[in-house]
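For reference, the structure discussed in these notes is given below.
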2 protein chains.
Amino acid sequence: MSKEASLKFHMNLGMLIRSAHNSMTERFVENVFDSGLNISLDQWMVLGPIWQLGSPSQKDLGEICLRDKPSITRIIDSLEKTSLVVRVSDQIDHRIKRVILTNSGKQLFYDVLPIMEKTREEVRGDIPEEEIEIFKNVLSKIIKNLNS
Amino acid sequence: MSKEASLKFHMNLGMLIRSAHNSMTERFVENVFDSGLNISLDQWMVLGPIWQLGSPSQKDLGEICLRDKPSITRIIDSLEKTSLVVRVSDQIDHRIKRVILTNSGKQLFYDVLPIMEKTREEVRGDIPEEEIEIFKNVLSKIIKNLNS
DNA sequence: TTTTTTTAGTTGCAAATGCAACTAAAAAAG
DNA sequence: CTTTTTTAGTTGCATTTGCAACTAAAAAAA
């Protein structure tokens, strides 16, 4: 059975979503590798929000990235081990650890940004902007449907 | 930060897709559990195509389910261990193993079908049919963009 | 105040996944 | 034919994940 045929056959949402996600991850990793940089997709997905927010708590990151607590802990662990971020205890609430980019973290962020953009373009191809909008919208609705 | 706010904030496709996939999986598992049945989403995603195709090879299943070979091997292992399927060597090409549902496999398929339907309805909620169509279409296009 | 509950984050363990190396059989090349 | 290449499926290993249990601190209740 050809790849074309298989795509048409009995395609349920779950399979499609899983496969799209896998392909996107794979492509990002390839593009990063080709650029001689060293960061995983998980790390990148957390690095961006840290850059945007300045010094988010790990809880903030979990909510923004839609990941559970242990995942965030481990991703921050890996970012800290490679000196891309540091953890700083919140002055007021000592339960909270704020995550801050180091200079090399910022540098890597800037280096990876164009790779992310390239990947995004490859993912989108010539899919019309309005279809992408509907697509993102449906994803958000699905997430909302299942969390209420 | 509230869940609402987080959804609006810098939501890239990767995060959304991952989260939607996780939520769907979780809901399916809950619904199956509530029904007192015992099957994982991975197993179900393979069981369906086996039912439809009769006696597919593992390669067929991999292409239809968009999973790699080791995944299929292991899922079939688990289905065989619980006596839901059997592996039969192809009479002509001895490399090929055909996968066949047992009676209890068929029974489980029929039992899970309404649960899958319920899950599908919960996932879709009141998202209009044409948006779902565009959604599936965009997913297929993304997969195609990245595999060519 | 003291006690209880909630919240933020971490850790350990079992299960899932991805990758590369492997076996066995069929097809293609010489 | 014999050798080489390709194909179907399996296995081992390192990494990731998901879950539940845990610590420590803050907030709420008593």
Side-chain angles (χ1 to χ4, degrees), chain A residues 1-3 14-15 18-19 21-30 33 38-46 55-82 85-99, chain B residues 1-3 14-15 18-19 21-30 33 38-46 55-82 85-99:
Chain A
M1 182 169 309
S2 75
K3 200 130 204 172
M15 291 177 191
R18 174 203 295 270
S19 175
H21 181 257
N22 285 353
S23 299
M24 287 167 62
T25 301
E26 208 174 292
R27 179 60 62 97
F28 175 80
V29 170
E30 279 170 21
F33 180 81
N38 188 24
I39 186 171
S40 75
L41 181 55
D42 278 346
Q43 291 178 320
W44 171 253
M45 278 175 154
V46 174
S55 55
S57 68
Q58 297 190 190
K59 180 175 190 288
D60 292 340
L61 290 174
E63 284 171 359
I64 287 165
C65 303
L66 304 176
R67 305 296 296 271
D68 62 7
K69 294 188 289 179
S71 295
I72 296 294
T73 293
R74 280 161 180 146
I75 294 169
I76 302 295
D77 281 350
S78 72
L79 290 172
E80 201 170 33
K81 201 172 328 187
T82 48
V85 305
V86 290
R87 275 189 254 235
V88 178
S89 276
D90 187 282
Q91 287 295 326
I92 300 168
D93 187 336
H94 294 323
R95 289 171 305 182
I96 295 173
K97 294 193 184 158
R98 305 208 160 274
V99 184
Chain B
M1 184 171 304
S2 74
K3 200 131 204 171
M15 291 178 192
R18 173 203 296 269
S19 175
H21 180 259
N22 285 353
S23 299
M24 287 167 64
T25 302
E26 209 173 291
R27 179 60 62 97
F28 176 79
V29 169
E30 278 170 21
F33 180 81
N38 189 23
I39 185 172
S40 72
L41 181 55
D42 278 346
Q43 290 177 320
W44 171 253
M45 279 176 153
V46 173
S55 55
S57 69
Q58 297 190 190
K59 180 176 190 291
D60 291 341
L61 290 174
E63 285 169 358
I64 287 165
C65 302
L66 304 176
R67 303 297 297 268
D68 62 6
K69 293 188 290 179
S71 295
I72 296 295
T73 293
R74 282 163 179 143
I75 294 169
I76 302 297
D77 281 351
S78 72
L79 291 172
E80 201 170 35
K81 201 172 324 184
T82 49
V85 305
V86 289
R87 276 188 252 236
V88 178
S89 275
D90 189 282
Q91 287 294 327
I92 299 167
D93 186 337
H94 295 322
R95 289 172 305 181
I96 294 173
K97 293 191 183 161
R98 305 209 160 272
V99 183

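Numbered from 1 within each chain, the chains take letters A, B, ... in sequence-line order. All values below come from the heavy atoms of this structure, side chains included, with hydrogens, waters and symmetry mates left out.
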Polar side-chain atom of Gln58(A) near backbone of Ile72(A) as donor-acceptor pair, under 3.5 Å: no
Inter-axis angle, terminal five-pair segments of the helix from dT1(C)-dA30(D) to dG30(C)-dC1(D) [nearest 10°]: 10°
side-chain contact (heavy atoms from CB on, under 4.5 Å) between Leu66(A) and Asn22(B), intermediate numbers included: CA-CA 10 Å; Leu66(A) 304 176; Asn22(B) 285 353; over 6 Å; no
Gap between atoms CD and P, on Gln58(B) and dT23(C) respectively (whole Å): 19 Å
Residue list, side chain to side chain contact (heavy atoms under 4.5 Å, CB included) with Thr82(A), at least two apart or on another chain: Leu84(A)
Between dA24(D) (P) and Asp90(A) (CG): distance, integer Å: 19 Å
Reported CG-to-CZ distance for the pair Leu79(A) and Arg74(A), which is rounded to 0.5 angstrom: 14.5 Å
With Asp90(A) via salt bridge (Lys or Arg N to Asp or Glu O under 4.0 Å) - residues at least two apart: Arg98(A)
Contact summary for Met45(A) and Cys65(A), nearest pair of heavy atoms: O-SG, 3.4 Å
Atom pair distance, as rounded to whole Å: NZ in Lys81(B) and C1' in dT10(D): 14 Å
Nearest heavy atoms of Phe28(B) and Ile39(B), plus distance in Å: CE2-O, 4.3 Å
Worked check of side-chain contact (heavy atoms from CB on, under 4.5 Å) between Asp42(A) and Arg67(A): CA-CA 10 Å; Asp42(A) 278 346; Arg67(A) 305 296 296 271; 3.1 Å; yes
Spacing between Ile96(A) atom CD1 and dT23(D) atom P, to the nearest angstrom: 21 Å
Nearest-angstrom distance from the residue atom CD of Glu80(B) to P of dG9(D): 13 Å
Touch class at under 4.0 angstrom, heavy-atom based, for Arg87(B) against every strand present: sugar-phosphate
Gap between atoms NZ and P, on Lys97(B) and dT23(C) respectively (whole Å): 15 Å
Test side-chain contact (heavy atoms from CB on, under 4.5 Å) applied to Lys97(B) and Ile76(B), step by step: CA-CA 11 Å; Lys97(B) 293 191 183 161; Ile76(B) 302 297; over 6 Å; no
Distances for protein N or O near nucleotides 26-29 of chain D N or O, under 3.5 Å:
unit_1	atom_1	unit_2	atom_2	d
dA26(D)	OP1	Ile92(A)	O	3.4
dA26(D)	OP1	His94(A)	N	3.0
dA26(D)	O4'	Arg95(A)	NE	3.3

Under 3.5 Å: donor-acceptor pair, side chain of Ser19(B), backbone of Met15(B): no
Short side-chain N/O contact to dA8(C) OP1/OP2 from Lys59(A), under 4.0 Å: yes
Protein-nucleotide distance (Ile72(A), atom CD1; dT10(C), atom P), rounded to Å: 10 Å
Non-neighbouring partners of Asn38(A) that pass side chain to side chain contact (heavy atoms under 4.5 Å, CB included), sequence neighbours left out: none
Nucleotide-resolved protein contact map, nucleotides 11-19 of chain D, B/S/- at heavy-atom distance under 4.0 Å: BBB---SBB
